[in-house]
Amino acid sequence: MTRKLLSAVALMVAVFFTGSLVAQAADITFGGQFRPRLEVWEQEGFNEDANANYFVNMRVRLNAKIKVDENTSAFIQMQTNTRWGSDP
């Protein structure tokens, strides 16, 4: 048990140091987008007596671009979409 634990810790330390060396040599750029948008639905269907529905759509994107050298690069992007104010 302790041998496996020590092996796992040694592997994590090696990966950490290797990753930090690559991060020092790499050109890392962070970016993103925050887009809230108010929407109003005044009529649903053909019912003229319906009240307007207000809600906010929001999209958040976060990205990172890593350029290690001329031939090696990576791009990762995460996104979430949220709606506030609408009935479930």
Consider only side-chain heavy atoms of I, L, V, M, F, W and Y, link residues closer than 4.5 Å, and tell whether Val68 and Phe75 are in one cluster.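 Val68 does not cluster with Phe75.
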In one Ile/Leu/Val/Met/Phe/Trp/Tyr side-chain cluster, 4.5 Å: Ile28, Met78: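 Ile28 does not cluster with Met78.
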Got a donor-acceptor contact below 3.5 angstrom from the Asn57 side chain to the Arg83 backbone?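 Judged by distance alone, no pair lies under 3.5 Å.
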To the nearest 0.5 Å, how far apart are CG in Asn81 and CZ in Arg61?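 If we round to the nearest 0.5 Å, Asn81:CG and Arg61:CZ are 8.0 Å apart.
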Hey, what do you get for CD1 (Ile66) to OG1 (Thr29), rounding to the nearest 0.5 Å?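 That separation rounds to 9.5 Å.
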For the residue pair Lys65 and Phe30, establish whether any side-chain heavy-atom pair is separated by less than 4.5 Å.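 Contact flag for Lys65/Phe30 side chains = no.
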Side chain proximity check, Met58 to Trp84, heavy atoms < 4.5 angstrom: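 Yes. Closest side-chain heavy atoms under 4.5 Å.
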Considering all heavy atoms, the nearest Pro36-Val56 contact: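 So the two residues come closest at CB-CG1, 4.5 Å.
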Heavy-atom pair with the smallest gap, counting every atom of Asp69 and Asn71: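 That would be OD1-N, 3.1 Å.
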Ignoring hydrogens and geometry beyond distance, is a side-chain donor-acceptor pair present between Arg59 and Gln33 at under 3.5 Å?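 Their side chains do contain a donor-acceptor pair, which is all the 3.5 Å distance test asks for.
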